[in-house]
Structure formats: C-alpha cells, structure tokens
Amino acid sequence: MAQLGDCITLAQSPTPPGRGKVGTGPNRRPAGARGALVSSPPGRRARLATPGTGTSIVETREAMRRRLQDLIENNRVMIFSKSYCPHSTRVKELFSSLGVEYNALELDKIDNGSSVQEVLLEITNQKTVPNVFVNKVHMGGCDQTLQAHQSGLLKKVLQEDSRGSGTYDYDLIVIGGGSGGLACAKEAAVLGKKVMVLDFVVPSPHGTTWGLGGTCVNVGCIPKKLMHQAALLGQALHDSRKYGWEYNQQVKHNWETMIEAIQNYIGSLNWGYKLSLREKAVTYINSYGTFVDHHKIKATNRKEQETSYTAAKFVIATGERPRYLGIQGDKEYCITSDDLFSLPYCPGKTLVVGASYVALECAGFLAGIGLDVTVMVRSILLRGFDQEMAEKVGSYMEQHGVKFLRKFIPVTIQQLEKGTPGKLRVVAKSIEGPETIEDVYNTVLLAIGRDSCTRKIGLEKIGVKINEKTGKIPVNDVEQTNVPYVYAIGDILEGKPELTPVAIQAGKLLARRLFGGSLEKCDYINVPTTVFTPLEYGCCGLSEEKAIEVYTKDNLEVYHTLFWPLEWTIADRDNNTCYAKIICNKRDNDRVIGFHVFGPNAGEITQGFAVAMKCGLTKQLLNDTIGIHPTCGEVFTTLEITKSSGLAITQKGC
Ligand code: FAD
Ligand code: NAP
C-alpha cells in the first residue's frame with residue numbers, strides 16, 4: 001500500500017496529443033513537490049500523528065486539511081477519487097473527453113484515504129467520491145459535475161483559469177443588506193476581501209419603504225420591541241399607584257410621539273450601518289440585484305438605471321416580505337407589519353389576522369397602549385410552539401382586553417370611509433361551517449406569514465434551485481446552494497429558524513469559512529427564542545408535543561410550576577399566571593431537552609438557560625445551582641413537581 005506521501009502519485013488524465021503534462025501548467029506546482037499529507041518515512045504505514053513530536057491528532061488533522069487545500073488550490077481540476085469507483089471513472093472520462101487535464105488522488109491507494117475522506121467531509125460536507133474541484137470551486141460529486149457540464153457552468157468555471165479569479169469585480173457580492181447579509185459582508189471585508197452589498201427595499205403596497213439594515217432594524221425586532229416596551233410602561237403606570245405614585249393628570253398614549261421617537265432611533269441605526277460598511281471598505285449600493293449570468297448580477301437603482309457587476313462568490317440574503325390574503329380589498333386597504341411601525345396615525349380599532357409571532361406581538365402591544373384589538377385565528381395559536389404555553393399566551397392576552405375570533409378567515413374587506421384611520425368592513429367565514437360574521441374596524445393588519453424574496457432575483461438564470469412551493473432555498477450544512485459558488489443565509493433558508501441572531505451567526509461563520517480557513521458551521525439546534533407578547537414567552541429546545549413525538553412520553557419527565565413574580569404581589573396581579581416548565585430525557589441523565597417560561601422578562605431569562613442547554617444542562621445541574629433571590633429565573637433551580645405526579649402547582653399567595 002502506498003504511503004500518505006504518495007499522494008504525489010497522482011493519477012493523470014491521458015495527455016491529449018499536443019498538450020502538456022499534468023501539473024505543469026502555469027500557476028501550478030506539481031502537487032507532490034509540496035510533500036506528503038503527513039510526514040511518514042518511505043516504506044512505513046502512514047500515521048495521523050508523528051511519533052515523538054507530541055503532535056496531537058487534531059493538529060495533524062489540521063495539517064492534512066492544509067495539504068488538501070493546497071491540492072485544491074494548485075490544481076485546475078482536482079478529483080478525490082477511488083480507482084474502482086465507476087462514478088469516479090465517469091467524471092475522469094468527462095474531463096478527458098473535454099481535453100481537460102486533471103489530477104486525481106485515489107483514496108483507495110493510500111493508507112489514510114478514510115481520514116482524507118473525513119477531512120473532505122469537514123471542508124465540503126461531502127464524504128463520497130468522486131469529490132471534484134474545478135479552479136478551487138467545489139463542484140460536488142459525479143451527478144453535480146455532469147449537471148454542471150450540461151448547464152454550461154462547468155465550462156464557465158474552467159474558463160476562470162485563463163481569466164483568473166482576480167478579474168472579477170469583487171471577491172464576494174452579497175445580495176440583501178439585512179441581518180445576515182451585513183454580518184457576512186463585514187466579516188469578509190475584515191478578512192481582506194473585496195466585497196459589495198446590494199440592498200433595496202421594494203415599497204410595500206401602501207408605499208412604505210425604509211433604510212439599510214433589513215427587516216429586524218426597520219420593520220421587525222427593533223420597532224416591535226420598542227412598542228412592546230411602550231405597552232409595558234402602560235402596565236407599569238397602572239401598577240405604580242399601588243407602589244405609592246400619585247398623579248391626577250389623565251394618562252393617555254400618543255401614537256405620533258412614539259412613532260417619531262422610534263423612527264428617529266431607526267434612522268440612527270441606518271446611518272450607523274452605512275458608516276460601518278464604509279469603515280470596513282465594503283461597497284454598498286442601494287440597488288436591486290438580479291442574476292443575469294454565472295458570476296454576474298445586474299443592479300437596478302430607484303431611477304431604473306442598470307449596472308452589472310461580477311464576483312467570484314455570491315451570498316443571497318434577501319429575506320422575506322409579508323404575505324397577503326389574495327382576497328378582495330386586501331392590498332388596497334390592509335396594512336402589514338411593514339407599514340405599522342411607521343404608520344403616521346394611530347390605527348384605532350384594529351383587526352389582526354393571523355396567530356403567530358407577528359400577529360400576537362402586534363396585537364399585544366396595540367392593546368397594551370389602549371387600542372381595541374381583535375385577533376382572527378384560522379386554526380391554533382403559535383403553530384410549532386408548545387401548545388400549552390401558546391394557550392397561556394392567548395388567555396393572558398384575552399384577560400387583558402384582546403378579543404379572539406377563533407376558526408375564522410376574512411373573505412372580503414371593504415372600505416366604508418377614507419381617513420387616517422378610515423373605516424373598513426370585514427366579512428369573515430368560519431372554517432368549520434357556513435357561518436359568516438362581519439364587523440367594522442379602523443385598521444386591518446395582516447400577519448399571515450412571509451414569502452421569501454427568491455422568485456424575482458434571476459436564480460433560474462444560473463440554476464440555483466428553490467423549493468417551488470415555499471420559495472425557500474435548500475442548502476447543505478455549509479450554506480451552499482446547488483450552484484457551488486452561490487451561498488444563502490437567513491430567512492430564505494429552508495427548514496431553519498427565521499431569527500436575526502441566526503442570520504447573523506450564519507453570515508459571520510460563512511465568511512470565516514469562505515475566506516478565513518475556518519471550519520466552524522452554524523449550529524441551528526436549540527436556538528432560543530421569545531415571543532414578546534405583553535407577558536413574554538421564552539423557550540429553547542423542544543415543545544412538549546415534539547419531545548413526546550421524538551422520545552415517547554414514558555422516556556420523559558416534565559417538571560413545572562406556576563410562579564408569582566415579587567413585583568406582581570403588591571400590584572395585586574394574578575398569582576397563578578406565570579409558568580415555568582422543563583422537559584427532561586430520563587434516558588439521558590435527565591437532560592433538559594425543552595425549556596419554557598411564561599413571565600416578565602422571559603427573553604432575558606431564556607438567554608442564560610440557552611447557554612446552559614448548549615453545555616448539556618441536566619435536572620441535577622439545575623438542582624445544584626443556587627438561585628438568585630428574589631428573581632423569576634430562580635424558579636428553575638427549585639422545580640420539584642412533575643407533571644406525571646398530578647400534584648397541584650397553584651400558588652397560594654403570600
Ligand atoms: P432581512 O433582514 O429581511 O434582509 C433582507 C434585505 O434584503 C432587505 O433589506 C431587503 O429589502 C433586501 N433585498 C431583498 N431582495 C433584494 C434584492 N434583490 N436586491 C437587493 N436587496 C434585496 N427576529 C428575532 O430574532 N427577534 C425578534 O424579536 C424578531 N421580531 C420580528 C418582528 C417582525 C414584525 C418581523 C417581521 C420579524 C421579526 N424577526 C425577529 C425576524 C427577523 O427580522 C429576521 O429573521 C431577520 O431580519 C432575517 O434577516 P435576513 O438577513 O435573512 O433578511
Ligand atoms: P408564521 O409563523 O408563518 O405564521 C403565520 C400565521 O398566519 C399563522 O398563525 C397562520 O395560521 C396564519 N395564516 C396563514 N395564512 C392565513 C390565512 N390565509 N388566513 C388566516 N390566517 C393565516 O408567520 P409570522 O408570524 O409572520 O412570523 C414569521 C417569522 O418571523 C417567524 O417564523 C419568526 O421566526 C419571525 N419572527 C420572530 C419574532 C421573535 O423572535 N419574537 C417575532 C416575529 C417574527 P395557521 O397556523 O392556521 O397556518
């Protein structure tokens with residue numbers, strides 16, 4: 001058996017008549033000239049670590065990775081292959097038929113072929129052979145390479161050799177300047193790459209538009225949390241009398257003042273983003289990007305002027321926009337979260353359609369600032385969340401003035417009166433029978449989900465696949481699409497949480513992998529989240545339903561309790577509302593696989609416990625932790641009652 005060093009015995013394509021020998025072209029050193037993958041004296045079996053040097057396996061693995069990357073970078077076509085594999089043979093025949101020289105490392109002919117495969121798995125997310133690279137671009141296996149040949153992509157990537165990647169305008173172009181796109185662009189620039197970001201906001205049907213930073217900053221997390229705070233302050237005012245505050249003035253909320261303050265703050269964030277792009281030498285253009293050809297986009301600005309740019313790599317981070325119902329009057333008369341946060345007038349009596357994050361959060365803060373709010377629910381609250389917790393969110397909102405119309409959907413929206421706000425008649429029908437209802441509202445807010453911005457960006461021109469039904473982009477676990485030089489991050493990804501910190505983490509790590517030699521992948525498991533309804537609901541890990549589905553009920557222990565925040569006591573607020581629950585896997589040392597809290601500042605509480613879950617939190621570790629008194633979070637260190645015991649968890653008061 002050959003030694004590891006024998007990766008120099010690279011297979012060669014039959015040299016076509018009149019062509020040079022493998023590995024002798026310009027910019028190329030013979031791969032073997034750079035030595036063995038792991039130093040191993042001739043005639044001996046290759047080892048992972050060099051004896052006596054104290055080199056750890058991890059370090060040697062790192063050396064092997066560098067060596068493989070050397071091979072990839074210094075060979076126009078590099079094929080990791082097995083001599084007996086028919087798929088590898090097909091790929092080699094393809095390059096031979098094209099008259100293209102390749103280098104092939106036959107993994108069955110070297111001692112540590114399986115370790116090479118492990119490292120290739122880390123680098124490319126592909127373990128199987130053939131594993132094909134052309135001009136440093138990972139093409140994939142046999143099928144992908146043949147497909148790339150058919151689509152013309154292979155030819156283009158092969159041509160890059162003669163033009164050299166330096167002839168692209170940019171190393172990286174990011175389409176979409178939101179949470180994910182900006183994080184990725186800035187990190188790539190810090191790593192010394194030439195980067196461009198395109199960001200363009202297509203106005204909502206109501207004409208609302210905004211600045212740089214994407215959904216979170218302009219029409220998502222930031223204004224939402226600030227309006228949530230406005231509502232919490234209203235509740236605090238209410239409680240304050242019990243704490244001795246005396247005031248005679250009638251307290252009322254002024255919508256315009258709140259909007260102005262929030263929009264001023266957002267304006268400062270937009271400015272800050274522009275500044276930080278400039279500081280990092282990222283080129284920002286306020287234009288809409290569409291792919292027109294491989295490695296080439298067209299950027300169209302507000303004045304419809306078009307410019308083309310090329311790049312070696314692309315990241316798509318175009319996010320999502322609110323969906324409409326597709327019924328009479330929806331686009332003309334309804335607003336969405338895209339319009340709400342800058343609405344220049346108070347929305348008045350509001351119907352919120354939808355029952356997930358956006359709907360319940362918006363309904364919560366609108367009611368919290370004193371408006372008459374109704375939520376129209378098609379099926380259940382907070383689909384995908386623990387349903388016991390979702391119902392607690394709903395019943396708290398109901399007790400605090402939000403009306404719920406369950407199992408209804410709107411069928412027509414008709415304008416009765418223009419105005420700011422005007423008057424709208426809404427007719428809705430039951431999803432369970434022929435019943436219809438109608439009512440008049442000042443504002444109808446649609447919060448029925450969001451569509452990915454992937455259908456009008458020319459993906460078909462370069463063959464990037466999307467899920468035709470959802471518009472989402474499937475990627476492998478290094479966020480690579482089916483077109484090797486195109487990556488995607490954030491809300492447009494299939495099957496990933498749609499949250500700002502997820503998009504940021506994925507963007508940053510992607511840039512480090514692409515340009516900084518890192519191997520770290522984004523971990524999408526146990527991502528914590530919080531629904532910022534008037535009483536917050538935070539969670540991490542599995543819902544009780546999902547845990548039962550995955551582990552079965554017998555293998556789980558659920559610990560839970562109601563709790564009464566100290567701040568609520570003298571304010572006379574209900575002592576049986578706030579709730580804490582953990583779901584433990586009995587078969588795995590009572591590991592906490594689901595964490596749920598419904599109470600004040602649930603977001604702050606959940607963040608810390610999410611770290612503990614990353615560290616493998618168990619029930620015993622919670623028992624061993626001394627709480628901070630008096631806090632709400634301490635309740636998790638004293639959970640004793642299991643759901644299966646059926647014991648009462650109600651709080652008796654003081
Ligand atoms: P986005 O931030 O949406 O950015 C995409 C950008 O690309 C946009 O600026 C868009 O205009 C632009 N764009 C699109 N197409 C093109 C094109 N062809 N050319 C150029 N530019 C283009 N997440 C949380 O973690 N916490 C929260 O509390 C929270 N609250 C939310 C509240 C609301 C009301 C909403 C709607 C969302 C909320 N989210 C929250 C989700 C969060 O906002 C998203 O997960 C996050 O913004 C996704 O980032 P992204 O980079 O994928 O896309
Ligand atoms: P969503 O989670 O997709 O929920 C859509 C809601 O609208 C569901 O309740 C759905 O009901 C309902 N709906 C869909 N079509 C409808 C129709 N035709 N008629 C009536 N109701 C309809 O969407 P979202 O609330 O817009 O949230 C989008 C994403 O943004 C979330 O996944 C989340 O990650 C992110 N976000 C996060 C936060 C946060 O972190 N706090 C806040 C807001 C948003 P069914 O259940 O019957 O389908």
Side-chain angles (χ1 to χ4, degrees), residues 173-184 197-203 209-225 227-228 285-291 297-300 315-327 330 336-338 340-341 352-362 375-385 390 407-411 428 431 446-459 488-493 496-504 506-507 527-533 536-538 603:
I173 290 182
V174 178
I175 309 178
S179 308
L182 290 181
C184 184
V197 176
L198 291 98
D199 190 60
F200 189 86
V201 179
V202 177
T209 177
W210 50 86
L212 178 63
T215 302
C216 169
V217 177
N218 296 284
V219 287
C221 331
I222 299 296
K224 180 278 302 290
K225 182 84 189 290
M227 291 197 181
H228 171 57
I285 58 166
N286 183 204
S287 294
Y288 188 86
T290 36
F291 286 96
I297 53 152
K298 176 180 78 183
T300 310
V315 170
I316 309 169
T318 46
E320 300 183 314
R321 294 296 292 271
R323 192 173 297 150
Y324 282 80
L325 285 163
I327 62 168
D330 68 344
T336 69
S337 54
D338 278 0
L340 180 67
F341 301 113
V352 178
V353 185
S356 204
Y357 269 106
V358 177
L360 296 190
E361 290 182 342
C362 293
V375 179
M376 190 173 285
V377 183
R378 177 168 72 175
S379 57
I380 55 170
L381 303 184
L382 293 173
R383 180 176 298 285
F385 284 91
K407 308 272 167 86
F408 277 94
I409 50 168
V411 283
I431 60 158
L446 300 182
I448 56 164
R450 298 167 60 77
D451 290 325
S452 300
C453 303
T454 54
R455 297 189 197 269
K456 293 181 185 160
I457 55 171
L459 294 181
I489 52 171
D491 281 5
I492 52 170
L493 291 191
K496 304 287 194 285
E498 294 169 20
L499 296 167
T500 274
V502 174
I504 292 175
V527 173
T529 185
T530 291
V531 185
F532 292 98
T533 35
E536 296 175 11
Y537 162 40

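Computed from a predicted model, the values in this text were never measured in an experiment. Just follow the structure's listing: the first ligand is 1, and inside any ligand the first atom is 1.
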- Any non-hydrogen atom of Lys224 lying under 4.0 Å from ligand 2? yes
- Item | Arg383 neighbourhood, listing ligand 2 atoms whose heavy-atom distance to it stays under 4.0 Å | 45 (P), 46 (O), 47 (O), 48 (O)
- Should one rank Lys407, Arg378, Arg450 by closest heavy-atom distance to atom 48 (O) of ligand 2, which comes out on top? Arg378
- Contacting atoms of ligand 1, where contact means under 4.0 angstrom from a heavy atom of Gly490: 52 (O)
- Message: As a check for students: among Arg321, Lys456, Glu320, Lys224, identify the option with a heavy atom nearest to atom 30 (N) of ligand 1.
- Response: Lys224
- Task: Report yes or no: does a heavy atom of Ile504 sit under 4.0 Å from some atom of ligand 1?
- Result: no
- Task: Give a yes or no on whether the backbone of Gly220 and the side-chain of Thr215 come within a donor-acceptor separation of less than 3.5 Å.
- Result: no
- Check whether any N or O atom of Leu325, backbone or side chain, sits under 3.5 Å from an N or O atom of ligand 2, and answer yes or no. no
- Those atoms of ligand 2 less than 4.0 Å from some heavy atom in Phe532: 41 (N)
- Task: For Leu499, take its heavy atoms, then give the atoms of ligand 1 lying under 4.0 Å from any of them.
- Result: 23 (N), 24 (C), 25 (O), 45 (O)
- Task: Please indicate whether any nitrogen or oxygen in Gly213 is less than 3.5 Å from any nitrogen or oxygen in ligand 1.
- Result: no
- Message: Applying a heavy-atom cut-off of 4.0 Å, say which part of Ala447 lies close to ligand 2: side chain, backbone, both or neither.
- Response: backbone
- Any atoms of ligand 2 less than 4.0 Å from a non-hydrogen atom of Leu499? List them with their elements. 34 (O), 37 (C), 40 (O)
- Should you measure from each heavy atom of Glu361, which atoms of ligand 2 turn up under 4.0 Å away? 39 (C), 41 (N), 42 (C), 43 (C)
- Just distances here: any N/O of Trp210 and N/O of ligand 1 closer than 3.5 Å? no
- Query: Out of curiosity, is Lys225 lining ligand 1, as in a heavy atom under 4.0 Å away?
  - Reply: no
- Note on the structure: Atoms of ligand 1 under 4.0 Å from any heavy atom of Cys216, numbered from 1 in the order shown, are 43 (O), 47 (O)
- Note on the structure: Looking at Val375, Ile448, Val502, the heavy atom closest to atom 21 (N) of ligand 2 belongs to Ile448
- Item | Heavy-atom nearest neighbour of atom 4 (O) of ligand 1 within options Ser287, Ala183, Gly178 | Gly178
- Purely on distance, is any nitrogen or oxygen of Thr530 under 3.5 Å from one on ligand 2? yes
- Message: Can you check which of Ala503, Cys221, Ala506 brings a heavy atom nearest to atom 39 (N) of ligand 1?
- Response: Cys221
- Query: For ligand 2, which atoms have a heavy atom of Thr529 less than 4.0 angstrom away?
  - Reply: 40 (O)
- Query: Looking only at distance, does Gly289 have an N or O less than 3.5 Å from an N or O of ligand 1?
  - Reply: yes
- Task: Check each atom of ligand 2 against the heavy atoms of Val358 and keep those under 4.0 Å away; list them by number with element.
- Result: 24 (P), 25 (O), 26 (O), 27 (O), 43 (C), 44 (C)
- Answer yes or no: does an N/O atom from Ser337 fall short of 3.5 Å to an N/O atom of ligand 1? no
- Which atoms of ligand 1 are found less than 4.0 Å from any heavy atom of Ile457? 18 (N)
- Message: Only heavy atoms of Pro501, strictly under 4.0 Å: list the atoms of ligand 1 that pass.
- Response: 25 (O)
- Message: Using a 4.0 Å cutoff against the non-hydrogen atoms of Ile409, which atoms of ligand 2 qualify?
- Response: 19 (N), 20 (C)
